[in-house]
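Working notes for the structure below.
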Amino acid sequence: MRILSSLTRAAALGVAAVLAATALTGCGDDASGASADNPYGLLQPGVLRAGTLTDAPPNVYLKDGRFTGFDNDLLTAVAAKVGLKVEFVGTDFSALLSQVNNRKFDVGSSSITITEARRKTVDFGNGYDFGHFGLDVPAGSSITGFDQLAGKRVVVVQGTVQDDYATGEGLDPVRVPDYNGAINQLKAGTADAWIAPAEIGDKSAADSGGKITVAAKLLSPAPTAYAFAKGNDKLREALDKGLDEVIADGTWSRLQAQYYPGRPIPADFKPGSGTVAVPSASATS
């Protein structure tokens with residue numbers, strides 16, 4: 001009887017161990033977020049939650065309460081190819097990449113230039129745009145080029161590739177959390193120059209009422225891309241495929257013409273996978 005009782009207890013413990021292991025495995029699957037009705041492990045099935053900015057036209061910004069701009073309109077079109085709707089949420093650029101990797105957002109959309117340092121935090125999709133650095137200065141400034149910034153009070157948005165550039169050039173820049181902060185410093189005369197994404201710098205100067213001018217531009221060293229949490233390969237690959245589809249159907253070219261009229265595209269820049277023919281904007285209108 002004692003032997004039988006011991007065997008019964010051992011069997012019970014074995015069943016309990018199996019059940020516990022099964023429960024843990026189930027929790028692991030739930031934590032990943034992937035399931036039959038949510039194959040990309042999104043925070044909400046069918047909805048792509050995108051972290052973006054509110055103050056960086058024409059790339060990403062709010063207009064009449066709606067998130068828009070080249071990057072965001074393109075992402076909406078790309079997501080539609082995968083059968084997803086996009087929910088945009090405003091944040092600061094300095095926090096965006098960590099928020100993406102911590103799964104607060106499914107994707108980051110903010111003209112994010114690919115760098116090796118950023119690859120340590122997030123994964124990137126295929127490049128969808130190129131860019132230039134713009135050098136904005138107060139009206140009447142004697143600064144005409146990037147080679148004249150030594151010893152000047154140069155403002156940058158914290159965590160941007162412009163921040164990286166300024167630091168690499170030994171400029172000891174003044175860091176602000178957003179583009180409005182940089183614009184206000186120029187208008188107030190508390191900064192000598194702002195290194196900005198060129199398109200945003202152009203728009204800011206045009207909207208400044210003559211208080212800000214664009215002194216120079218410099219080609220950015222790498223393309224911009226959407227950011228994904230490390231290891232979120234299914235979502236990244238799906239949106240890369242969707243990006244190629246909106247390039248092929250002319251949406252990419254149409255949005256380029258809409259948001260960057262007259263901007264020449266470098267001959268060696270190939271958006272997406274680089275394997276898709278890019279129709280001209282006139283051919284898609």
Side-chain angles (χ1 to χ4, degrees), residues 51-61 71 90-102 108-122 124 127 129-225 227:
T52 188
L53 306 188
T54 62
D55 63 342
N59 303 63
V60 285
Y61 61 102
D71 300 63
T91 188
D92 290 333
F93 188 85
S94 59
L96 178 58
L97 297 188
S98 61
Q99 288 171 334
V100 168
N101 199 46
N102 291 334
S109 170
S110 184
S111 291
I112 307 167
T113 302
I114 299 172
T115 69
E116 289 307 310
R118 291 173 179 173
R119 286 186 189 276
K120 296 176 182 178
T121 303
V122 295
F124 287 101
D129 201 13
F130 62 95
H132 294 76
F133 295 161
L135 185 61
D136 280 26
V137 298
S141 171
S142 62
I143 296 173
T144 58
F146 286 85
D147 59 346
Q148 299 174 353
L149 298 179
K152 302 295 186 181
R153 185 176 172 85
V154 179
V155 65
V156 295
V157 174
Q158 183 177 357
T160 61
V161 70
Q162 293 81 29
D163 185 352
D164 294 343
Y165 170 82
T167 303
E169 293 294 311
L171 298 178
D172 190 23
V174 177
R175 296 176 175 87
V176 294
D178 54 39
Y179 293 108
N180 283 330
I183 294 166
N184 289 337
Q185 290 227 12
L186 286 187
K187 288 181 176 179
T190 54
D192 298 311
W194 168 33
I195 303 176
E199 294 77 21
I200 296 169
D202 287 349
K203 183 72 164 56
S204 300
D207 293 344
S208 71
K211 295 180 179 180
I212 299 172
T213 61
V214 179
K217 294 183 181 180
L218 181 69
L219 184 64
S220 182
T224 60

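Excluded from the calculations below are hydrogen atoms, water molecules and symmetry mates; all remaining heavy atoms, backbone and side chain alike, are included.
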Flag for Asp164-Thr160: side-chain donor and acceptor within less than 3.5 Å: no

Distance-only donor-acceptor check, side chains Asp71 and Ser109, under 3.5 Å: no

Student check: side-chain heavy atoms of [X] and [Y] closer than 4.5 Å:
{"X": "Pro57", "Y": "Lys203", "result": "yes"}
{"X": "Pro177", "Y": "Gln158", "result": "no"}
{"X": "His132", "Y": "Leu218", "result": "no"}
{"X": "Leu171", "Y": "Lys152", "result": "no"}
{"X": "Ser220", "Y": "Phe133", "result": "yes"}
{"X": "Pro138", "Y": "Lys211", "result": "no"}
{"X": "Ile112", "Y": "Leu97", "result": "yes"}
{"X": "Gln99", "Y": "Thr91", "result": "yes"}

From [X] [atom1] over to [Y] [atom2], what is the distance, rounded to the nearest 0.5 angstrom?
{"X": "Leu53", "Y": "Leu96", "atom1": "CG", "atom2": "CG", "result": "7.0 Å"}
{"X": "Tyr61", "Y": "Ser110", "atom1": "OH", "atom2": "OG", "result": "14.0 Å"}
{"X": "Asn59", "Y": "Tyr179", "atom1": "CG", "atom2": "OH", "result": "7.5 Å"}
{"X": "Ile200", "Y": "Asp136", "atom1": "CD1", "atom2": "CG", "result": "10.5 Å"}

Heavy-atom neighbours of Asp172 CG exceed 12 at 6.0 Å: no

Does the [X] side chain pair with the main chain of [Y], one donor and one acceptor, at a distance under 3.5 Å?
{"X": "Ser204", "Y": "Gly201", "result": "no"}
{"X": "Asn101", "Y": "Thr121", "result": "yes"}
{"X": "Thr190", "Y": "Gln185", "result": "yes"}
{"X": "Arg118", "Y": "Thr113", "result": "yes"}

Work out which heavy atom in [X] is nearest to a heavy atom in [Y]; give both atom names and the distance.
{"X": "Ala166", "Y": "Ile195", "result": "CB-CD1, 4.1 Å"}
{"X": "Gly127", "Y": "Pro223", "result": "CA-CB, 4.1 Å"}
{"X": "Ala225", "Y": "Ile114", "result": "CB-CD1, 3.8 Å"}
{"X": "Leu186", "Y": "Ala191", "result": "CD2-O, 3.8 Å"}
{"X": "Thr213", "Y": "Ala139", "result": "CG2-CA, 4.2 Å"}

Sole residue of Val137, Ile143, Leu135, Asp192 in side chain to side chain contact (heavy atoms under 4.5 Å, CB included) with Gln148: Ile143

Set of salt bridge (charged side-chain N to carboxylate O under 4.0 Å, His left out) partners for Asp178, sequence neighbours left out: none

Working for side chain to side chain contact (heavy atoms under 4.5 Å, CB included), residues Glu169 and Leu149: CA-CA 9 Å; Glu169 293 294 311; Leu149 298 179; over 6 Å; no

Chi angles and distances behind the side chain to side chain contact (heavy atoms under 4.5 Å, CB included) call for Trp194, Val154: CA-CA 6 Å; Trp194 168 33; Val154 179; over 6 Å; no

With Phe130 via ring-ring contact (aromatic ring centres under 6.0 Å, His included) - residues at least two apart: Phe269

Side chain to side chain contact (heavy atoms under 4.5 Å, CB included) between Asp163 and Val157, worked out: CA-CA 6 Å; Asp163 185 352; Val157 174; over 6 Å; no

Trace of the side chain to side chain contact (heavy atoms under 4.5 Å, CB included) decision for Thr167 with Arg175: CA-CA 11 Å; Thr167 303; Arg175 296 176 175 87; 3.0 Å; yes

Aromatic ring pairing Phe146/Tyr165, orientation class (parallel under 30°, perpendicular over 60°, tilted between): perpendicular

